Amino acid sequence: MRLRLLLALLWLGVMVGLASTPSPEDPSSGALANAVHAIQYAVFVLILLSLARAVLPRLPATVLFVPILGVALLVGAGQEWYQSFLPYRSANPNDILYDTIGAVGGLTLGTVVATLWQRRGQRQLAAF
């Protein structure tokens, strides 16, 4: 569990570090930047889901979906607020949209995998 918590904090640090770097002026970088937002948050929520499942192993992954999505949205909004104070960055509400898309995609993937894994384990126990 401690390793997962450390990984979540490290990934959060990576995300803040990326949010603190100057934004490229090239307009063609928009699609890449949107993809980076989505990927960052997909990985972030997968780490949070893994951490939550380690802390609360009997709780179904589907129950964790909304609280983890809420944490991701708060982090995304906090990053945009933080960027509004940087002279070389600006707050962009569209970034929160791509953060949300990534978070929902990551949570959907993680929830499906966790549910299938849990069912597989139940079937193996029933075979004994």
Side-chain angles (χ1 to χ4, degrees):
M1 182 185 79
R2 287 182 182 165
L3 181 61
R4 289 179 176 127
L5 179 60
L6 179 62
L7 185 59
L9 293 173
L10 285 173
W11 190 253
L12 186 59
V14 166
M15 291 173 28
V16 170
L18 288 172
S20 301
T21 60
S23 179
E25 298 298 324
D26 182 14
S28 66
S29 68
L32 177 62
N34 295 338
V36 168
H37 273 273
I39 292 167
Q40 282 179 2
Y41 278 81
V43 171
F44 183 55
V45 297
L46 285 170
I47 294 168
L48 291 180
L49 183 60
S50 174
L51 175 62
R53 302 265 307 145
V55 174
L56 305 164
R58 294 183 185 212
L59 202 60
T62 53
V63 174
L64 299 169
F65 196 99
V66 172
I68 291 174
L69 182 60
V71 169
L73 292 176
L74 283 174
V75 170
Q79 275 190 330
E80 293 307 312
W81 178 76
Y82 164 69
Q83 285 178 342
S84 72
F85 294 102
L86 300 175
Y88 46 84
R89 294 300 297 245
S90 62
N92 185 350
N94 286 337
D95 288 348
I96 297 174
L97 172 66
Y98 291 103
D99 298 344
T100 304
I101 290 169
V104 168
L107 277 170
T108 301
L109 175 68
T111 301
V112 167
V113 169
T115 302
L116 291 174
W117 189 266
Q118 188 174 20
R119 286 183 186 165
R120 178 178 175 237
Q122 288 172 352
R123 281 195 308 261
Q124 286 178 344
L125 284 176
F128 283 112

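Atoms considered below: every heavy atom in the structure, side chains included; atoms not considered: hydrogens, waters and symmetry mates. Predicted, not measured: the structure shown is a model, and the values here were computed from it.
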Review point. Ser84 and Ala91: which non-hydrogen atoms are nearest, and at how many Å?
Key: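 In this case the closest contact between Ser84 and Ala91 is CB-CB, 3.9 Å.
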Revision key, fill the gap. Minimal heavy-atom distance between Gln83 and Ala19, with the atoms involved, is NE2-O, 3.1 Å
Practice item. Test Leu64 against every option in Leu59, Val45, Val55, Leu51 by the side-chain contact (heavy atoms from CB on, under 4.5 Å) rule and name the one that passes. Key: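 When Leu59, Val45, Val55, Leu51 are each tested with Leu64, the side-chain contact (heavy atoms from CB on, under 4.5 Å) holds only for Leu59.
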Practice item. If the plane angle is over 60° it's perpendicular, under 30° parallel, otherwise tilted; pick one for Phe85 and Trp81. Key: perpendicular
Pairwise side-chain contact, [X] with [Y], heavy-atom cut-off 4.5 Å (strictly under):
| X | Y | result |
| --- | --- | --- |
| Phe65 | Thr108 | yes |
| Asn92 | Glu80 | yes |
| Leu86 | Tyr82 | yes |

Output the distance between atom [atom1] ([X]) and atom [atom2] ([Y]), rounded to the nearest 0.5 Å.
| X | Y | atom1 | atom2 | answer |
| --- | --- | --- | --- | --- |
| Ile68 | Leu73 | CD1 | CG | 12.0 Å |
| Ile96 | Ile101 | CD1 | CD1 | 12.5 Å |
| Trp11 | Leu6 | CH2 | CG | 14.0 Å |
| Leu5 | Ile47 | CG | CD1 | 11.0 Å |
| Ile39 | Asp99 | CD1 | CG | 12.0 Å |

Check your understanding: If we ignore angles and hydrogens, is there a donor and acceptor under 3.5 Å between the side chains of Tyr41 and Thr100?
Key -> no
Same cluster for [X] and [Y] if Ile/Leu/Val/Met/Phe/Trp/Tyr side chains link at under 4.5 Å?
| X | Y | answer |
| --- | --- | --- |
| Val14 | Val75 | yes |
| Leu48 | Leu9 | yes |
| Leu97 | Val104 | no |
| Leu49 | Val63 | yes |
| Leu69 | Leu56 | yes |

Review point. Short question: side chain of Gln79, backbone of Met15 - any donor-acceptor pair under 3.5 Å?
Key: yes
Exercise for review: Could you tell me whether the side chain of Arg89 and the main chain of Thr21 form a donor-acceptor pair under 3.5 Å?
Suggested key: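 Yes, because the side chain of Arg89 sits within donor-acceptor range (under 3.5 Å) of the backbone of Thr21.
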